[in-house]
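Worksheet: one structure, shown below.
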Amino acid sequence: MPGILIKNGTVVNDDAKFVADVLIQDGIIVDVRPNISAQDYPNVRVLDATDRLVIPGGIDPHTHLQLPFMGDVSCDDFYSGTRAALAGGTTMIIDFVIGDKSSSLIDSWKKWRSWADPKVCCDYGLSVAVTAWSPEIAEQMKALTGPEYGVNAFKFFLAYKGSFMIDDSSFLEALQHCSKIGALARVHAENGSAIDNKQKELLEQGVTGPEGHTQSRPEELEGEATNRACVLAEQANCPLYVVHVMTKPAAEAIERHLEKGNVVFGEPIAAGLALDGSGYYDEDWDKAAGLVMSPPLSREEDTPQALMDRLAKGLLHLTGTDNCTFTCAQKRRGKTDFTKIPNGVNGLEDRMSVVWEKGVHAKKIDEQRFVAITSTMAAKIFGCYPRKGRIAPGSDADIVIWNPNCSRVISVDTHHQAVDYNIFEGMTVHGTPETTICGGKVVYEKGTLNVEGGSGRYVPFAPFNDFVYAPLASRGNLFAPKKVERLQ
Ligand code: URP
Ligand code: ZN
Ligand code: ZN
């Protein structure tokens, strides 16, 4: 593979910003310093990055590509999804294995690998969902943390009663187990039983459209479940990662637990940072149904800004997308019953630009924080830093040349995802990925993709990752049992 020399750009890491050239050879960054002479490297391709930022490629820690869900399969697969990711400046994803209950976790992991490996255009990792509990499942979890499988995070759903939802007692035991095997627990925090009741009531009252989706999921139910997950994780001395934080009550619960010194990470997503939930009342059924995801977009207009404010202050930690796309035709499965509308929205392609727009362009965060919340923090949490998430010698050459002075309008007409609408339609964003380099190869430039399905690699993660586990080591003593020896 010919090398690349990026000249005259401003390199941005989460902790530094400086003008330098970046030399790439064999897929790896080999030098970062001013004035690397192109003449010394006659066979490398030179890319001029004057007035541009040179940032680590985005890492989307939360995707569901070709997920079998709610009687259908999400339409962006590992090819269209990762291809679109690269066009948007994301060079790595972490997807979720969510197998059916009759399969072992290991078989499900194998199935996901067999789906992803021939199609992925960028590197990827996997977290595995645990939707039931038994000694066999505990053993499979332990096995998955080994180097052969490379899984260091498990996901638990407190929603989707009757399918993915796990009960509290099993959840607590699983958290205790995660703590023993050095895994991070990731949680979808909603109160599945309360939602189930509300859905039935609304349908009985004749509310069958997408507006029923938000009405069946009051914000406090996300706040309650987030708090519950944090409390149970604290009891289990287990690090917790709350996926798709959509509301202020959920973010407030995380803040309370951070103040107590608990290890908890909060992940808002592109959709929740850009949109509120007023669209569920749109008279156009397709538009309203297109926004159906769980937890839903917030009922309060100022929530997107409040979530970005918390990312700015470090009270929320990284951004994902929960990309789980269904076409308009697929969404219409729920035409007469909102509970049957497949849940999920797009974001994988547009996350970087949306976060830039709502964060840096809105003057809430600087470029370094942008890099932290779109890339570096994910690499640290899952333990692939500094291989990923950093521009430095020795790191993978997953790099974006970012133009902070170029705007574009997001539209289904120009996006690369397979889904036939875009929830950000018409939004102007003022920062754009101009060139994406993935594994040392230019895969996107001047609006053109040059990708190859199957070129991405699986990135295994190791358990007991220091970034999440070191702060817990001393806290274990807090929960050591105390016995009083009495004379009689
Ligand atoms: O609506 C959503 N979020 N769909 C994907 C599955 C999940 O809950 O993450
Ligand atoms: Zn979820
Ligand atoms: Zn999800």
Side-chain angles (χ1 to χ4, degrees), residues 60-79 81-82 92-120 123-167 170-171 173-175 177-178 180-188 192 241 243-244 294 320-326 342-344 348 382-383 453-454 456-463:
D60 185 341
H62 185 164
T63 66
H64 302 284
L65 300 177
Q66 60 189 87
L67 174 70
F69 185 40
M70 296 184 74
D72 218 318
V73 177
S74 60
C75 67
D76 272 294
D77 67 7
F78 281 98
Y79 179 69
T82 54
M92 180 175 173
I93 63 162
I94 300 176
D95 203 85
F96 289 91
V97 175
I98 314 180
D100 49 68
K101 285 192 191 354
S102 59
S103 307
S104 80
L105 299 184
I106 310 258
D107 285 346
S108 298
W109 178 91
K110 287 182 181 160
K111 188 186 272 180
W112 255 255
R113 287 291 311 266
S114 76
W115 288 342
D117 283 349
K119 290 188 186 172
V120 277
D123 288 356
Y124 77 104
L126 291 171
S127 291
V128 174
V130 175
T131 57
W133 189 241
S134 68
E136 292 75 34
I137 289 172
E139 257 174 52
Q140 293 157 19
M141 286 170 69
K142 168 86 183 130
L144 282 168
T145 62
E148 191 186 344
Y149 302 106
V151 173
N152 71 357
F154 294 94
K155 178 161 179 196
F156 303 92
F157 290 91
L158 306 185
Y160 306 127
K161 187 172 175 192
S163 60
F164 296 161
M165 188 169 113
I166 190 160
D167 64 79
S170 301
F171 180 42
E173 282 186 45
L175 288 168
H177 188 59
C178 281
K180 252 191 240 153
I181 63 177
L184 172 66
R186 305 180 75 184
V187 66
H188 172 136
Y241 178 125
V243 299
H244 48 42
S294 296
T321 60
D322 195 13
N323 191 97
C324 186
T325 46
F326 295 96
N343 285 203
L348 181 48
F382 292 93
R457 295 158 301 178
Y458 177 67
V459 178
F461 302 129

| request: Report the C-alpha distance between Ile98 and Phe164 in whole Å, list the side-chain angles of each, state the deciding distance to 0.1 Å, and finish with yes or no for side chain to side chain contact (heavy atoms under 4.5 Å, CB included). | output: CA-CA 8 Å; Ile98 314 180; Phe164 296 161; 3.5 Å; yes

| Between Ile166 and Thr131, does a side chain to side chain contact (heavy atoms under 4.5 Å, CB included) hold up when you go through it step by step? | CA-CA 6 Å; Ile166 190 160; Thr131 57; over 6 Å; no

| task | Apply the test side chain to side chain contact (heavy atoms under 4.5 Å, CB included) to residues Val243 and Phe157: give CA-CA distance (whole Å), side-chain angles for both, the deciding distance (0.1 Å), then the verdict. | result | CA-CA 10 Å; Val243 299; Phe157 290 91; over 6 Å; no

| Test log, rule side chain to side chain contact (heavy atoms under 4.5 Å, CB included), inputs Lys110 and Ile106 | CA-CA 6 Å; Lys110 287 182 181 160; Ile106 310 258; 4.1 Å; yes

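In this structure, Cys178 and Ala185 approach most closely via the heavy-atom pair SG-CB, 4.4 Å. For the pair Leu65 and Asp95, the tightest heavy-atom approach, listed with the atom from each and the gap, is N-OD1, 2.9 Å.
Note that the OG atom of Ser104 and the CD atom of Glu139 stand 11.5 Å from one another [nearest 0.5 Å]. To the nearest 0.5 Å, atoms CG (Leu105) and CE (Met141) are separated by 7.5 Å.
Asp117 meets the side chain to side chain donor-acceptor pair (under 3.5 Å) test with Arg113, Tyr124; sequence neighbours excluded. Ser74 pairs by the side chain to side chain contact (heavy atoms under 4.5 Å, CB included) definition with Leu67, Cys324, Phe326, not counting sequence neighbours.
Judged by a 6.0 Å distance limit and a 45° cone about the ring axis, Lys155 is positioned over the six-membered ring of Phe96.
Counted by atom type alone, Asn323 and Thr63 present zero donor-acceptor pairs between their side chains at under 3.5 Å. For the residue pair Asp100 and Ser103, a side-chain donor N or O sits within less than 3.5 Å of a side-chain acceptor on the partner. Side chains of Asp322 and His64: a donor-acceptor N/O pair is present below 3.5 angstrom, by distance only.
Residues Tyr160 and His188 bring their aromatic ring centres within 6.0 Å. Under the 6.0 Å cut-off for aromatic ring centres, Trp109 and Tyr458 qualify, their centroids lying closer than that. The aromatic ring centroids of Phe156 and Tyr241 lie 6.0 Å or more from each other.
Taking 4.5 Å as the limit, some side-chain heavy atom of Ile137 sits within range of a side-chain heavy atom of Val130. Contact check for Gln66 versus Phe78: side-chain heavy atoms found under the 4.5 Å cut-off. Taking 4.5 Å as the limit, some side-chain heavy atom of His177 sits within range of a side-chain heavy atom of Trp133. For the pair Thr325 and Leu348, the minimum side-chain heavy-atom distance is 4.5 Å or more. Using a 4.5 Å cut-off on side-chain heavy atoms (C-beta onward), Arg186 and His62 make contact. Side-chain contact between Ile94 and Leu126 is absent, with no heavy-atom pair separated by less than 4.5 Å. Using a 4.5 Å heavy-atom cutoff, the side chains of His244 and Ser294 are not in contact. Put simply, the side chain of Thr145 does not reach to within 4.5 Å of the side chain of Tyr149, judged on heavy atoms.
Judged by distance alone, the side chain of Asp123 and the main-chain N or O of Arg457 form a donor-acceptor pair under 3.5 Å. Remark: side-chain polar atoms of Asp60 are not paired, donor with acceptor, to backbone N or O of Met92 under 3.5 angstrom. Using modelled atom types, one side-chain atom of Lys101 and one backbone atom of Ser163 make a donor-acceptor pair closer than 3.5 Å. A donor-acceptor contact shorter than 3.5 Å links the side chain of Asn152 to the backbone of Phe382.
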